[in-house]
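A, B, ... follow the sequence lines: proteins, then strands. Residue 1 opens every chain. Small disclaimer: the values here were computed from a predicted structure and weren't measured.
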Amino acid sequence: MGNLIPSAKVNILANHKVWLEDNAIQQLHTTAQLAHIRAAVGLPDLHAGRGYPIGAAFFSTEHFYPALVGGDIGCGMALWQTDLLRHKVSGRKLAKQLGNIDGSLSGDDLQAAADAVQQLLAQHALRHDYASLPLDAHSMTASVGTIGGGNHFAELLQTDTVYDSDTAPDPSRVYLLVHSGSRGLGGAILREHVEQYGHHGLQAASTAASAYLAQHNTALAYAKLNRDWIAKRILAAWKTPARCLLDIHHNHVLPARINGCDGYLHRKGATPSDQGWVMVPGSRGDYSYLLAPTDSSEYLYSLAHGAGRKWARQDCYGRLSGKYTAQDLHQTRFGSTVVCGDKGLLFEEAPAAYKNVDAVVMTLVEAGLCRLIARYKPMLTYKKGDSACC
DNA sequence: ATGTCC
């Protein structure tokens, strides 16, 4: 026989309750066969992506793959506890109070964002003067505080069930969950990388690897800055103080030591289990779970990052337009309000397009990877302003 | 996913 490539260990966390698409499993195995990949994990929200699966983590040695992180470097979830009391607010009223937040920040906020971007660029240049960013400061500033498209959202939540009353956050308050990323920056970094190196990845001990990691780390910081400003502008509109409970990236590649072996841990739609509590959101018509990770060492220190798609975006309108009007989709089974001025997105992100989050989360719990802290249900989900053109 | 490909 020919050369034996040391095969990566592939571990899929699933059971009869969660449906995994064959194509996604195929993508996981194919990706696991790339050179230098030592371990691959599929979480219960695993679904097919553009060549590489989402809801997956990969560990490699001596080499890493920017393409596995994808274009939205630094995408993640931030959870804020507001001072608003749940029995005193309505999602509909707060939606009206919020108005349209699709555009750039303005006034003092825009200036503050510009200063923050300059500081980010200065730190980047100071440490990595050989790796300029493929997006200018003006564009980066313009996107700060904007949610973006796809599966990104901002959501107002109320507590539905408390599982751990000693540690769960105050159930009388309402919570703000922000899911967004590095907007145009991450995509530009990946595009430039792929133009130069294709999908072969990078030798870790190379200048190109250092340059990519410098850009990647800046994108992580920029994505967090973006989530911070999305929350700030919403909280300002609602006139409430708030504190950030967590802010965790689920798309990144980090140096890691796994089973005594130094290498790189790629997460693509996989939530770190070694950074404190995490929030796993369902669709906008389903619950979100606050979880305390326990031991995920068998699964590359990762948890599901959401419910996971069940239907491809392009199939949603065809499957749902006979059953629902756009108007129907502006509210959910919980009676929560959906702000989405983009009709295509309204259908693509319909609750029916996603798997059952209870099954996904229970699979994590039953495997011993985490315990439940509390469950939340949406009052308002903001995707795109109502005046958005479509 | 996307200062989105025409």
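- Rounded to whole Å, the distance from CG on A:Leu105 to C1' on B:dG3 is 15 Å.
- Following rounding to the nearest Å, A:Arg313 (CZ) and B:dT4 (P) show an atom-to-atom distance of 17 Å.
- No contact: A:Gly71 has no heavy atom under 4.0 Å from any strand.
- A:Asn226 places its CG atom 13 Å from the C1' atom of B:dT2, with the value rounded to the nearest Å.
- The distance between atom NE2 of A:His152 and atom P of B:dT4, rounded to the nearest whole Å, is 16 Å.
- Contacts of A:Leu135 with the nucleic acid, taken as non-hydrogen atoms under 4.0 Å apart, include base atoms.
- A:Arg50 comes within 4.0 angstrom of a base, heavy atoms only.
- For A:Arg191, no side-chain nitrogen or oxygen approaches OP1 or OP2 of B:dT2 to under 4.0 Å.
- A:Ser139 comes within 4.0 angstrom of a base, heavy atoms only.
- Across all strands, A:His138 comes closer than 4.0 Å to no nucleic acid atom at all (heavy-atom distances).
- A straight line from CG of A:Asn251 to P of B:dT2 spans 11 Å, rounded to a whole angstrom.
- Contact annotation: the side chain of A:His29 approaches that of A:Ile25 to within less than 4.5 Å [non-hydrogen atoms, C-beta and beyond].
- For the residue pair A:Asp45/A:Tyr354, the side-chain donor-acceptor check at 3.5 Å is not satisfied.
- Atom pair A:Ile73:CD1 and B:dT2:C1' shows a separation of 13 Å (rounding to whole Å applied).
- Between the side chains of A:Ser139 and A:Asp136, at least one donor N or O lies within less than 3.5 Å of an accepting N or O.
- Residue A:Gly187 is out of contact with every strand shown, counting any heavy-atom pair closer than 4.0 Å.
- Here A:Gly70 lies out of heavy-atom contact (under 4.0 Å) with every strand.
- As a whole-Å value, the separation of A:Leu190 CG from B:dT2 P is 13 Å.
- A:Ile147 has its CD1 atom 18 Å from the C1' atom of B:dT4, to the nearest Å.
- Within a 6.0 Å sphere centred on CZ of A:Arg333, other residues, nucleotides and ligands contribute more than 12 heavy atoms.
- Taking the six-membered ring where the residue is Trp, the centroids of A:Phe58 and A:Tyr65 are separated by 6.0 Å or more.
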